[in-house]
2 protein chains.
Amino acid sequence: MRPREFDHDDVLRIAFDQFWRKGVRGTSLSDIARDAGVQRGSLYNAFGSKEALFLQAYERYAGDYLVALQKALGAGSLRKRLTAFFDLTITNFRSGSPPRGCPTTRGLMELGAAEGEGLDEEARQAFANLVSRITALVQETLAAGAARGEFNGNAAAAALHIITVTRGLAVLERAFGDEPQLRKIAAHTIDLVLGKKGG
Amino acid sequence: MRPREFDHDDVLRIAFDQFWRKGVRGTSLSDIARDAGVQRGSLYNAFGSKEALFLQAYERYAGDYLVALQKALGAGSLRKRLTAFFDLTITNFRSGSPPRGCPTTRGLMELGAAEGEGLDEEARQAFANLVSRITALVQETLAAGAARGEFNGNAAAAALHIITVTRGLAVLERAFGDEPQLRKIAAHTIDLVLGKKGG
DNA sequence: AAATATATTTGACACGGTGTCAAGAATTTG
DNA sequence: CAAATTCTTGACACCGTGTCAAATATATTT
């Protein structure tokens with residue numbers, strides 16, 4: 001068998017970077033091939049389709065992201081944990097180098113707009129999975145906080161509420177790109193869930 | 001001058017319907033032309049581009065939607081108003097006939113995923129505008145409620161929170177398509193903003 | 001009423017993107 | 001060294017957006 005002339009993971013990293021910065025729709029396999037110094041056909045041979053390539057890149061991203069969130073949610077008081085969680089989320093929206101103007105182009109990555117990005121069922125699923133896992137993480141954190149008396153309420157409902165706000169922030173970021181505003185909303189959400197700062 | 005062989009508004013309605021059901025990306029001008037019994041080139045002549053056609057369709061939608069929201073926000077107790085507001089929002093996510101499976105395909109319309117939909121700055125702006133105007137509507141409602149003693153807190157912050165949840169719900173709808181869950185989250189949000197049901 | 005001006009329609013075309021395929025090239029294995 | 005296998009390469013088909021010139025239909029002017 002003939003050996004591959006490129007590194008599978010390198011391509012995945014290069015592709016992810018472009019998807020992240022320019023959106024899935026805005027990135028062609030020709031772009032990725034050029035950047036990776038690979039023939040377009042070779043990518044089709046190795047990955048099958050643009051969507052398959054995207055899914056692999058996305059899974060890697062999702063894994064890394066979950067680890068980072070877990071870390072953010074694992075230190076200090078419940079309020080500190082949630083603050084770190086929102087901080088990381090918002091920072092994540094704006095990481096990478098935005099190609100044009102203020103609002104960055106994150107395509108499906110933060111919005112799960114699979115169809116809009118020309119992707120299909122599987123991509124939607126992948127996003128839904130990530131959201132579910134993040135929700136579970138937040139819920140565990142709230143439950144632990146409740147055990148320590150830092151929170152009393154329905155952990156499941158509160159986690160769902162928080163994740164919803166998170167997704168809403170992603171939309172607002174795209175529409176307005178106003179980071180300070182996003183942090184205010186996040187702080188307000190924490191206050192609502194945990195009770196005003198005093199409590 | 002030669003008169004047009006089609007009705008401008010008819011085309012707008014047909015186009016909007018397709019954009020709504022299949023997403024902007026998933027709808028080609030050939031589709032619209034076929035449905036409208038018009039030549040594709042005539043659409044380009046009349047509207048300039050797919051994006052321009054979309055923008056006109058979107059403006060019309062935004063106007064109608066705002067009127068409906070205003071109506072929903074204008075009757076009964078503050079809690080009732082907010083409930084009606086969320087109800088309309090969620091119903092709106094799921095109106096139209098979904099083409100495949102459970103999650104409907106609303107593209108930019110509810111998410112503002114302009115780039116993902118192959119659209120540009122202007123579409124993002126149009127969406128941002130709609131969100132701003134809805135936020136203003138909610139804020140006014142909250143302020144009025146505060147004047148009647150039905151709410152005490154920062155109306156601006158609360159409105160921003162509510163709109164964020166709303167946008168988050170749109171994302172969740174696409175990812176999971178689980179309507180009952182969405183209504184629970186909405187109810188929970190109202191409780192958080194207004195205080196538990198008793199209050 | 002005929003000629004002209006003007007706007008719309010129509011079909012051909014260019015371009016770029018995804019995806020397929022057969023033929024060529026490079027290794028590993030027999 | 002030959003065979004089998006996998007990767008690479010370039011050509012091709014297909015679809016979508018957008019452009020353009022030529023043809024067409026109406027309003028206006030004379």
Side-chain angles (χ1 to χ4, degrees), chain A residues 1-12 14-16 18-19 21-58 99 105 107-108 113-123, chain B residues 1-12 14-16 18-19 21-58 99 105 107-108 113-123:
Chain A
M1 334 158 198
R2 179 174 178 175
R4 221 161 246 162
E5 292 179 6
F6 61 89
D7 185 72
H8 194 269
D9 276 19
D10 280 354
V11 169
L12 230 48
I14 290 170
F16 176 78
Q18 301 220 10
F19 285 146
R21 292 197 338 259
K22 304 185 296 179
V24 177
R25 177 89 209 296
T27 304
S28 74
L29 281 201
S30 306
D31 292 341
I32 297 170
R34 194 182 329 103
D35 244 52
V38 174
Q39 211 67 12
R40 200 169 56 88
S42 296
L43 294 182
Y44 277 100
N45 178 57
F47 297 97
S49 69
K50 182 179 179 177
E51 171 153 24
L53 170 55
F54 168 76
L55 283 172
Q56 289 198 28
Y58 188 71
T105 310
L108 169 134
E115 291 99 351
E117 282 282 39
L119 300 173
D120 230 2
E121 189 55 23
E122 251 174 315
Chain B
M1 336 160 195
R2 180 174 179 176
R4 221 161 245 161
E5 291 179 5
F6 62 89
D7 184 72
H8 194 270
D9 277 18
D10 281 353
V11 169
L12 231 46
I14 290 171
F16 177 78
Q18 301 220 11
F19 286 146
R21 290 195 341 258
K22 305 184 298 181
V24 177
R25 175 90 209 296
T27 303
S28 73
L29 281 200
S30 305
D31 293 340
I32 297 170
R34 193 181 331 104
D35 244 52
V38 174
Q39 211 69 13
R40 199 170 56 88
S42 296
L43 295 182
Y44 278 100
N45 177 58
F47 297 97
S49 69
K50 183 179 179 177
E51 171 153 24
L53 171 55
F54 168 77
L55 283 172
Q56 290 197 28
Y58 188 70
T105 308
L108 170 134
E115 290 99 350
E117 283 282 39
L119 302 173
D120 229 3
E121 189 56 22
E122 251 173 316

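To find a chain, count down the sequence lines: A is the first, B the second, and so on, and within it residues start at 1.
- To the nearest 0.5 Å, the span separating CG on B:D31 from CD1 on B:I14 amounts to 12.0 Å.
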Polar atom pairs (N or O), protein with nucleotides 26-30 of chain C, under 3.5 Å:
| unit_1 | atom_1 | unit_2 | atom_2 | d |
| --- | --- | --- | --- | --- |
| C:dA26 | O4' | A:R2 | NE | 3.4 |
| C:dT27 | O2 | A:M1 | N | 3.0 |

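- Remark: C1' of C:dG17 and CG of A:L53 are 15 Å apart, rounded to the nearest angstrom.
- In this structure, the CG atom of B:L29 is 16 Å from the P atom of C:dT10, given to the nearest Å.
- Rounded to whole Å, atom P of D:dC15 lies 18 Å from atom CD1 of B:I32.
- Between the P atom of D:dG16 and the CZ atom of A:R25 lies a distance of 12 Å, rounded to the nearest Å.
- Atom CZ of B:R40 is separated from atom NZ of B:K50 by 11.5 Å, given to the nearest 0.5 angstrom.
- Using a 4.5 Å heavy-atom threshold, the side chains of B:Q56 and B:F16 count as separate.
- Contacts between residues 39-47 of chain B and DNA chain C, defined by a heavy-atom separation under 4.0 Å, are made by B:Q39, B:G41, B:S42, B:N45.
- The structure places CD1 of B:I32 at 5.0 Å from CG of B:L53, a figure rounded to the nearest 0.5 Å.
- A:L108 is not listed as a side-chain neighbour of A:F19, based on a closest heavy-atom distance of 4.5 Å or more.
- Interatomic distance, NZ of B:K22 versus OG1 of B:T27, reported as 4.5 Å (0.5 Å rounding).
- Rounded to the nearest 0.5 Å, atoms CG (B:D35) and CD (B:Q18) are 4.5 Å apart.
- Spacing between atom CG of A:D120 and atom P of C:dT18 amounts to 15 Å, rounded to whole angstrom units.
- The shortest distance between side-chain heavy atoms of B:E122 and B:F54 does not fall below 4.5 Å.
- Rounded to a whole Å, the CZ atom of B:R4 is 14 Å from the P atom of D:dA27.
- In this structure, NZ of B:K50 is placed 16 Å from C1' of C:dC15, rounded to the nearest angstrom.
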